[in-house]
2 protein chains.
Amino acid sequence: MISIHKALKEKGLKVTPQRVAIYKAVVDCKNHPTVENIIDTIKMEYPSISVGTVYKVLNVLVSNDLLRKVESEKEVMRYDAVLEHHHHLFCMDTDRIEDYEDKELDILVAAYFKKKEIKNFKIENFKLHITGKFIK
Amino acid sequence: MISIHKALKEKGLKVTPQRVAIYKAVVDCKNHPTVENIIDTIKMEYPSISVGTVYKVLNVLVSNDLLRKVESEKEVMRYDAVLEHHHHLFCMDTDRIEDYEDKELDILVAAYFKKKEIKNFKIENFKLHITGKFIK
DNA sequence: TTATTAAAAGAGAATAATTATCTTTGCAGA
DNA sequence: TCTGCAAAGATAATTATTCTCTTTTAATAA
């Protein structure tokens, strides 16, 4: 987990209580929160925060690589504070999305693409979207 | 490529000129069109078509597995007429998205997951989101 | 072929999510 | 502590999408 205070400074961004709180809300929310989830969480600490500020701060954090957007088929955007290379497990029945890290798999796939190139395309990164069901 | 006329009948859906035209527009558009792209395309044939109809038909086609939504980080939804298992190449610099089929890779990854299960999760499907750059 | 009917299309209002604009506030360096 | 610029706040505007209601039409059977 990164120090948001330090990270903002390094990017030349002002450290404001809102930015810190919004970042922490995304971390705390777990399970890739929507903006609505984030607003709900942050309102506990900042009851008066403006919705526009939340959107603006999220965009600033995403465009400075301090947060990621999660790719999905749904209308509402979801956010992820985990920056390390990882994959996602999507539940078919609910909106649950879990992070999935697997170095062995990463190595396997990277080796495959090193051997077999995709024509007309230079790969920078890859990510698995795994759909299925969570079991108890 | 499926016969949309036959496919609609099989699903017990009425075959209407709009549905056929919208389906064909998605196929013709290539590169995973947005609703806007689809509307632009279809307006050539159907200048009077209602925007609401396009949305409604797309939802019907998606929920009957005749089209797929493309997962993305962007606000606007994009559609795909290719139903076969495949992956996507995302251009880092533009909005271009290309289909990528690779049976060998599918087998490799499937074999990996057969051997190494993810705990508490039953995999139904997986899909690679490959980001990078298209080269001439 | 025509009549019937349920489903789909059309039109436009409504909603939801997000962005933009403008003013006020406050962080950070001098 | 002071000052300037970046960020927050408030709210309007925009965009994408859905909903509601009416009209039309495809599909079935007489």
Side-chain angles (χ1 to χ4, degrees), chain A residues 3-26 32-40 42-43 45-64 66-67 69-79 95, chain B residues 3-26 29 32-43 45-64 66-67 69-79 95:
Chain A
S3 151
I4 185 61
H5 194 285
K6 202 174 135 217
L8 287 168
K9 290 217 125 171
E10 277 167 8
K11 304 274 179 181
L13 296 165
K14 280 192 185 171
V15 179
T16 66
Q18 292 88 342
R19 283 177 173 177
V20 174
I22 289 167
Y23 177 81
K24 287 196 173 141
V26 176
H32 312 85
T34 62
V35 173
E36 200 189 347
N37 298 149
I38 295 165
I39 290 170
D40 289 348
I42 202 155
K43 286 253 171 165
E45 191 180 343
Y46 261 89
S48 65
I49 201 160
S50 157
V51 171
T53 298
V54 177
Y55 277 100
K56 231 180 308 180
V57 167
L58 287 170
N59 283 337
V60 168
L61 296 178
V62 167
S63 53
N64 284 278
L66 302 175
L67 287 180
K69 289 183 173 183
V70 176
E71 293 177 344
S72 98
E73 292 176 2
K74 302 294 169 59
E75 330 63 46
V76 291
M77 192 50 63
R78 296 176 67 164
Y79 293 85
D95 284 337
Chain B
S3 150
I4 184 62
H5 194 283
K6 203 173 135 216
L8 287 168
K9 288 218 127 172
E10 277 168 8
K11 304 275 180 179
L13 296 166
K14 280 191 185 171
V15 179
T16 66
Q18 290 89 343
R19 283 177 173 175
V20 174
I22 290 166
Y23 177 81
K24 287 196 173 143
V26 176
C29 269
H32 311 85
T34 62
V35 174
E36 202 189 347
N37 298 148
I38 295 164
I39 290 171
D40 289 348
T41 303
I42 202 156
K43 286 254 170 166
E45 191 180 344
Y46 259 90
S48 65
I49 200 162
S50 157
V51 171
T53 298
V54 176
Y55 277 100
K56 233 181 305 180
V57 167
L58 287 170
N59 284 337
V60 167
L61 296 178
V62 168
S63 53
N64 284 280
L66 301 177
L67 287 180
K69 288 183 175 185
V70 176
E71 293 178 343
S72 96
E73 292 175 3
K74 301 296 169 58
E75 330 63 46
V76 290
M77 190 51 62
R78 297 175 67 165
Y79 293 85
D95 283 337

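Because the structure is predicted, anything quoted here is derived from the model rather than measured. So you know, we letter chains A, B, ... as the sequences are listed, proteins then strands, and number each from 1. Only heavy atoms go into these numbers, but all of them, side chains included; no hydrogens, no water, no symmetry mates.
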- Take B/Val26 and B/Leu58 through the test side chain to side chain contact (heavy atoms under 4.5 Å, CB included) and record every step on the way to the result. CA-CA 9 Å; B/Val26 176; B/Leu58 287 170; 4.0 Å; yes
- Task: Using whole Å, report how far CD1 of B/Ile49 lies from P of D/dT25.
- Result: 13 Å
- Item | Integer-rounded Å distance: C/dA28 P and A/Lys6 NZ | 16 Å
- Message: With a 3.5 Å distance limit and no angle check, can you tell me whether A/Asn37 reaches the backbone of A/Thr34 through a side-chain donor-acceptor pair?
- Response: yes
- Item | Whether over 12 other heavy atoms sit under 6.0 Å from A/Lys11 NZ | yes
- Would you say A/Val35 and A/Val51 make side-chain contact, with heavy atoms under 4.5 Å? no
- Item | Within residues 9-18 of chain B, residues whose heavy atoms come under 4.0 Å of DNA chain C | B/Leu13, B/Lys14, B/Thr16, B/Gln18
- Between C1' of D/dG9 and CD1 of A/Ile39, the distance in whole Å: 14 Å
- Item | Donor-acceptor under 3.5 Å (A/Arg78 side chain, A/His32 main chain) | yes
- Query: Rounding to a whole Å, what distance do you find between A/Met77:CE and D/dT17:C1'?
  - Reply: 15 Å
- Message: Could you tell me how far apart A/Ile4 (CD1) and D/dA7 (P) are, to the nearest whole angstrom?
- Response: 13 Å
- Taking side chain as C-beta onward, heavy atoms only, is B/Val76 less than 4.5 Å from B/Glu36? no
- Message: Looking at every non-hydrogen atom in both residues, tell me the closest pair between B/Leu66 and B/Tyr23 and how far apart they are.
- Response: O-CE1, 3.5 Å
- Which residues, if any, of residues 52-64 of chain B bring a heavy atom under 4.0 Å of DNA chain C? B/Thr53, B/Lys56, B/Val57
- Task: Rounded to the nearest 0.5 Å, what's the gap from CD1 on A/Ile39 to OG1 on A/Thr53? Could you check?
- Result: 10.0 Å
- Item | d(CG, A/Leu8; P, D/dA6) in whole Å | 16 Å
- Send over the distance from A/Asn37 CG to C/dT18 C1', rounded to a whole Å. 16 Å
- Message: Let me spell it out: for each of A/Arg19 and B/Val76, pick the nucleotide of DNA chain D with the closest heavy atom. Which residue's pick is nearer the 5' end?
- Response: A/Arg19
- Message: Quick check on A/Lys24: does its NZ atom have over 12 non-hydrogen neighbours (other residues, nucleotides or ligands) under 6.0 Å away?
- Response: no
- Item | Protein-nucleotide distance (B/Lys69, atom NZ; D/dT17, atom C1'), rounded to Å | 9 Å
